[in-house]
2 protein chains.
Amino acid sequence: MYTSHLLPSASSATFPAFGLSSEALTLESLFASLPVDKFAAGEGVFWEGDAASDIFQIAEGCLRLYRILPDGRRAIIGFRFAGEMLGLSCEGTYCYTAEAVTPIRLRRLSRARLRAMSEGDGQLQSLLLAKVFEEIRAAQQHIVVLGQLGAEERAAHFLVSAARRTGADRKRPVVIELPMTRQDIADYLGLTIETVCRVMSKLKRDGLVTLEGRHRVILVRVADLQQLAGELDSAEPWERQASPWCPPQWPH
Amino acid sequence: MYTSHLLPSASSATFPAFGLSSEALTLESLFASLPVDKFAAGEGVFWEGDAASDIFQIAEGCLRLYRILPDGRRAIIGFRFAGEMLGLSCEGTYCYTAEAVTPIRLRRLSRARLRAMSEGDGQLQSLLLAKVFEEIRAAQQHIVVLGQLGAEERAAHFLVSAARRTGADRKRPVVIELPMTRQDIADYLGLTIETVCRVMSKLKRDGLVTLEGRHRVILVRVADLQQLAGELDSAEPWERQASPWCPPQWPH
DNA sequence: CGTGAGATTGAAGTAATTCAAGACTAGTGG
DNA sequence: CCACTAGTCTTGAATTACTTCAATCTCACG
């Protein structure tokens, strides 16, 4: 029998932030009855190259997803917070390592079982597909950030994006918890730890944010931060005619 | 017309490079009977924000996919070559603009129709899903490139990756055609056009490549280029124990 | 053979990195 | 409880990589 009551705090408190309520309910029900795995901070959940046997949903805590380059550089692909899913877009083998930033609790669903469940269920398939599309969208967003934005803009985007993902942008003041280290943020934004520090200090100095300890940031002037971030998320599509861009013709 | 000599018989010549032969055959058959649309160089196929009504397969030519930032900067998300698909991972509205680099011919399949066709067809669904996963994988790869690699490394990765995608890496010498402009490459790699030029010149000076005109590059020392690129594609996963990385513990 | 867009190269400027020193903070042991 | 310690964070100074500005070159096409 399924649990008659939802988890005391986690589910009802955290889910509304991460999608349509119907979506959250349906995907949540997939995981709700599964046992919970715990990992300590710093522990790995899976490694790049492992057979991608399971997908996960985070009940509590924060993870970093990363790849290590041959020379030892670490590229953090992204972070995952409570309520979000993990490993859905990997086929065959995991294409990054997942590691707990904080102590975490998560539910594991075998890929084979998910496949079986979704076999005849068109609604479930589209829910999953929507998650995959969301992931692509986020990845493309990150590409734009890394390719085009400067250090301050990247940081601003990171903060605004974190606020939106955790639902913190819907209350005032906007308070976000950043459990990861500065080094994590640096490896995620393609900067050095020193640059991340400097930029955060500058945002503080300019009155855009307040820093409370190492892991709490209060977004004071959200609109300015969004503008700094290039309004990449909320921006209406660029005007088709107004584009200053004159595309080069072939041949050149 | 451009590339008439390159693609005498587009499908059979180019498909083996882009997936399993069974996959290519199946997906190709989806498009084979559809009429061909033509676009001149510089023409847009769809724009960011348009309703994502169709998906496309490129019969011939090359496209750039990009987004324009509020201040006019252009971020090229990627390129698509003959045989590749387009618009599959967009839901609701296209999340980038697609524009012909060269004159192109492509086949259009309505999303609604694809949906109907795949409704009961599990095999087709997994073929499509595989394409989507491939796209995510490529996006994550690009994130690593933009976040961690220097200018020369980025260029090397771009060249090696282009060689692999077009199948040019399976013949010697490795000759790749780059129909896009240097500005396109710059906007794709997150560099300026001058830096792209300088880096290409350096690769040439160092004997890694030969440049023939503006749009043909011969990869002379492929292994060295791959190493420069961080061996991001071919690299075996990093050793779990040998990792020099000591993950920070929580709390910090 | 002239023309113009694109490409290349050089020189100066700037943003981010590297190197280095010090400050903070959480956890430890007296 | 308090000092001690180790890891993290922050700031400054010097350096580097990339960009910007500017001039020249190349090539496809008329």
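All values below come from the heavy atoms of this structure, side chains included, with hydrogens, waters and symmetry mates left out. Within every chain, numbering begins at 1; the chains are lettered A, B, ... in the order of the sequence lines, protein sequences first and strands thereafter.
Rounded to whole angstrom, the span from the NZ atom of Lys204(B) across to the C1' atom of dT9(C) amounts to 13 Å. The separation between Met200(A) atom CE and dT8(D) atom C1' is 14 Å, rounded to whole Å. Computed from coordinates, the Gln183(A) CD to dT17(C) P distance equals 11 Å when rounded to whole Å. Here dC29(D) presents its P atom at 10 Å from NE2 of His252(A), a figure rounded to the nearest Å. If you take CD1 of Ile193(A) and P of dT11(D), they are 12 Å apart, rounded to a whole angstrom. Here dT8(C) presents its P atom at 7 Å from CG of Leu211(B), a figure rounded to the nearest Å. The separation between Glu194(A) atom CD and dC19(C) atom P is 10 Å, rounded to whole Å. Rounding to whole angstrom units, CG of residue Asp187(B) and C1' of dG6(C) are separated by 14 Å.
Counting non-hydrogen atoms under 4.0 angstrom, Thr192(B) reaches a base of the nucleic acid. Gly213(B) comes within 4.0 angstrom of no nucleic acid atom, judged by non-hydrogen atoms across all strands. As judged by a 4.0 angstrom heavy-atom cut-off over every strand, Arg214(B) is placed among the base-contacting residues. Looking at heavy-atom distances under 4.0 Å, Thr181(A) makes contact with sugar-phosphate atoms alone, never a base.
The cationic atom of Arg74(A) (NZ for Lys, CZ for Arg) lies less than 6.0 Å from the six-membered ring centre of Tyr66(A) and within 45° of the ring axis.
The nucleotide whose nearest atom lies closest to any side-chain atom of Arg198(A) is, among dT18(C), dC18(D), dC9(D), dT18(C). Set against dT11(D), dA7(C), dA16(C), the side chain of Cys197(A) has dT11(D) as its closest nucleotide.
Contact annotation: Thr195(B) side-chain N/O to dA17(D) OP1/OP2 distance is not under 4.0 Å.
Heavy-atom contacts from other residues, nucleotides or ligands closer than 6.0 Å to CZ of Arg108(B) number more than 12.
The ring of His252(A) has its center closer than 6.0 angstrom to the ring center of His215(B).
Below the 3.5 angstrom threshold, one finds no donor paired with an acceptor across the side chain of Arg182(A) and the base of dT11(D). One cannot find a donor-acceptor pair under 3.5 Å joining the base of dT19(D) and the side-chain atoms of Arg73(B).
Looking only at side-chain heavy atoms (C-beta outward), Asp169(A) and Val222(A) stay at 4.5 Å or farther from each other.
Between the side chains of Ser89(A) and Glu135(A), at least one donor-acceptor pair of N or O atoms lies under 3.5 Å.
Two residues, Pro251(A) and Gly150(B), neighbour DNA chain D, and the one matched to the more 5' nucleotide by heavy-atom proximity is Gly150(B).
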